[in-house]
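What follows is a short report on a single structure.
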Amino acid sequence: MSLLSVQEAQERIIHHFKPTETETLSLNQCAGRVLAADILSSDLPLFDNSSVDGFAVQARDLVDASAASPRTLSVVADIPAGSAPNITLAPGQAARIMTGAPIPKGADAVIMVEDTDFDHGASGLAAPEKVKAFKKIKSGENIRTRGMDVKRGRKVLFAGHKLRPQDLGLLAMLGVANVAVFRKPRVALLSSGDELTPVELPLEPGKIRDTNSYTIAALIAEAGCEVLPLGIAPDSREVIQFLFDQAIGMNADAIISTAGVSVGAFDFVKDIIESNGKLDFWRVNMRPGKPLAFGEYRGVRFIGLPGNPVSAFVGFEVFVRPALGRLAGLKTVARSKVKVRLAEAIESDGRESYLRAIVEERDGVLSAKLTGHQGSGNLLSLVQANALLIVPAGVKSLAIGDQIDAWLI
Ligand code: AMP
Ligand code: MG
């Protein structure tokens with residue numbers, strides 16, 4: 001069994017994952033989906049419009065206007081939002097205008113209603129015949145000009161970007177009703193082990209709760225994939241194979257399993273993969289983490305995570321999340337890291353280590369403290385953590401105040 005660095009193992013895995021095919025969805029189905037094509041903008045805003053409620057004017061009419069010496073203009077039009085004015089303002093004229101309404105021809109500024117004698121307290125008032133302006137105004141004031149935010153033709157969203165709520169708003173603004181996105185990957189999940197009992201059933205002596213099905217299913221969903229739950233398999237060659245075949249029948253894009261990949265007498269998962277596909281079995285230079293199984297079952301990519309709940313979680317974050325990200329069409333699959341400062345000294349054994357920690361801001365710096373003992377079955381220490389500290393390979397000790405990378409989880 002070869003010894004691989006984390007990075008080598010990540011690269012070998014991700015290399016085997018390609019984005020799913022694309023589909024076109026209506027915009028309201030696209031939250032959290034990954035764009036499959038670049039989006040070019042039109043001019044935004046689409047037309048010159050008013051940024052305030054007030055009166056569209058010619059700025060040079062108001063050069064001498066002040067509270068002491070207001071300037072009176074005749075109001076020749078009323079322009080609510082959504083209307084298309086077909087007038088041209090002449091000198092001495094104004095048009096009442098609402099926020100977002102198109103600027104009429106001839107006007108080059110909008111004076112706010114608050115800077116006029118028009119009573120803006122009441123709604124539903126008809127436009128006045130005349131209005132007094134109490135202030136001078138610069139040409140262009142209170143006008144949002146066509147293309148001021150974005151010029152036509154600019155690439156505003158990119159293929160491989162996961163759509164957030166504000167992105168959906170921008171697509172709507174651009175009139176993109178149907179969006180090309182990558183199909184949601186279908187990811188089958190199996191927990192294996194004779195000792196495992198689902199949470200609904202009574203616990204018999206010697207058995208434990210299946211934990212990973214819940215944690216890993218939620219991680220898969222969070223990674224933008226559909227979960228195909230295969231449930232729990234006992235340590236039985238026939239049952240495990242039967243369930244993997246179900247995954248094939250459901251057109252899974254990937255199969256993830258936990259446990260059963262150690263070298264124990266009952267660890268059948270890797271034998272099954274080996275005799276029905278291809279198996280790479282690696283010892284990765286990391287902690288926590290046992291051997292990692294990677295390969296394919298009847299043509300479908302397979303990743304076998306360790307059984308211990310914390311190891312399974314960390315293995316998911318390190319190896320599965322990037323792979324599923326690639327499958328889902330994401331352009332950037334690496335989690336972003338932050339720099340934190342250690343509030344306690346840390347010993348490591350030279351393997352790349354992912355340590356559970358609480359990161360808090362203290363005096364403007366992110367400060368990190370471990371959440372108790374780092375045993376790979378101690379799930380509470382993961383629950384209490386809001387970060388995984390990444391101790392690089394080769395580092396055996398770190399002192400208080402040292403800087404280190406972390407993932408916020
Ligand atoms: P294994 O990889 O089968 O040797 O399992 C390693 C450890 O993880 C054992 O203590 C298992 O009982 C435990 N384990 C395996 N699968 C799960 C699971 N789905 N939920 C909770 N613990 C598990
Ligand atoms: Mg086992």
Side-chain angles (χ1 to χ4, degrees), residues 1 4 9 187-223 225 227-244 246-247 252 254-274 279-295 297 302-321 351 353-354 356 372-385 409:
M1 210 190 336
L4 289 185
V187 179
L189 175 63
L190 181 77
S191 282
S192 75
D194 279 337
E195 71 278 33
L196 303 178
T197 307
V199 73
E200 307 77 19
L201 296 186
L203 208 53
E204 285 173 11
K207 309 283 186 191
I208 60 166
R209 298 289 180 200
D210 168 22
T211 306
N212 296 339
S213 287
Y214 305 93
T215 311
I216 306 296
L219 287 169
I220 291 170
E222 192 191 74
C225 303
V227 184
L228 307 176
L230 300 178
I232 298 171
D235 291 313
S236 145
R237 193 180 298 274
E238 291 69 32
V239 179
I240 295 171
Q241 194 158 340
F242 173 80
L243 292 173
F244 282 174
Q246 279 198 341
I255 300 174
I256 310 296
S257 75
T258 66
V261 290
S262 312
V263 287
F266 300 98
D267 294 327
F268 294 116
V269 171
K270 60 181 202 297
D271 290 354
I272 292 167
I273 299 296
E274 196 148 42
L279 179 77
D280 277 313
F281 191 51
W282 303 321
R283 212 150 41 90
V284 181
N285 188 30
M286 72 181 277
R287 186 172 69 120
K290 280 196 189 170
L292 178 74
F294 170 68
Y297 180 82
F302 165 82
I303 301 178
L305 294 170
N308 272 310
V310 176
S311 309
F313 180 94
V314 172
F316 184 95
E317 288 301 326
V318 175
F319 301 110
V320 181
R321 186 184 291 279
R351 288 183 284 171
S353 300
Y354 292 78
R356 288 144 261 167
H373 90 80
Q374 302 280 312
S376 52
N378 181 10
L379 192 56
L380 180 61
S381 68
L382 180 59
V383 167
Q384 290 170 329
I409 56 168

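Basis for what follows: all heavy atoms, side chains included, without hydrogens, waters or symmetry-related copies. Whatever order the structure lists them in is the order used to number ligands and atoms, beginning at 1. The residues of the chain are indexed from 1 along the displayed sequence.
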task = Verify the neighbour count for atom CZ of Phe242: are there more than 12 heavy atoms of other residues, nucleotides or ligands below 6.0 Å?
result = no
request  = Just need the protein heavy atom nearest to atom 17 (C) of ligand 1, so name the residue and atom and give the distance.
outcome  = Asn212 ND2, 3.3 Å
note = A student checking ligand 1 against Asp210 at a 4.0 Å heavy-atom cut-off should list atoms 18 (C), 19 (N), 20 (N)
request  = Determine whether any heavy atom of Gly260 lies closer than 4.0 Å to an atom of ligand 1.
outcome  = yes
key: Ser213/Ser191 under side chain to side chain donor-acceptor pair (under 3.5 Å): CA gap, chis, key distance, verdict   = CA-CA 6 Å; Ser213 287; Ser191 282; 2.9 Å; yes
request  = For Arg209, take its heavy atoms, then give the atoms of ligand 1 lying under 4.0 Å from any of them.
outcome  = 20 (N), 21 (C)
ask   = Nearest protein heavy-atom contact for atom 2 (O) of ligand 1: which residue, which atom, what distance?
value = Ser262 OG, 3.3 Å
message = Under a 3.5 Å distance rule, please check whether Asn212 uses its side chain to pair with a backbone N or O of Gly307 as donor and acceptor.
response = yes
query = Distance-only, no hydrogens or angles: does the Arg237 side chain make a donor-acceptor pair with backbone N or O of Ile272 under 3.5 Å?
reply = no
query = Nearest protein heavy atom to atom 10 (O) of ligand 1, by residue and atom, and its distance?
reply = Asn308 OD1, 4.1 Å
task = Give the contacting part of Ile232 toward ligand 1: side chain, backbone, both or neither, where contact means a heavy-atom distance below 4.0 Å.
result = neither
query = Got a second to check how far Thr258's OG1 is from Ile216's CD1, nearest 0.5 Å?
reply = 7.0 Å
Short side-chain to backbone donor-acceptor contact, Glu317 and Gly315, under 3.5 Å = no
ask   = How far is atom 9 (C) of ligand 1 from its nearest protein heavy atom, and which residue and atom is that?
value = Glu195 OE2, 4.1 Å
note = One finds that the ligand 1 atoms under 4.0 Å from a non-hydrogen atom of Ser191 are 19 (N)
query = Are any side-chain N or O atoms of Arg209 and backbone N or O atoms of Leu196, one a donor and one an acceptor, separated by less than 3.5 Å?
reply = no
task = With rounding to the nearest 0.5 Å, note down the distance linking OG1 in Thr197 to CD1 in Ile208.
result = 8.0 Å
task = Consider every N or O of Ser213 and every N or O of ligand 1, then say whether any pair is closer than 3.5 Å.
result = no
ask   = Do Ala259 and ligand 1 have an N or O pair less than 3.5 Å apart?
value = no
key: Side chain proximity check, Phe302 to Phe244, heavy atoms < 4.5 angstrom   = yes
query = Taking only heavy atoms of Ile208, which atoms of ligand 1 are found under 4.0 Å from at least one of them?
reply = 12 (O), 22 (N)
message = I need the nearest protein heavy-atom contact for atom 14 (N) of ligand 1: residue, atom name and distance, please.
response = Gly307 O, 3.3 Å
message = Need the ligand 1 atom indices (1-based, order shown) with element for anything under 4.0 Å from a heavy-atom of Thr211.
response = 18 (C), 19 (N), 20 (N), 21 (C)
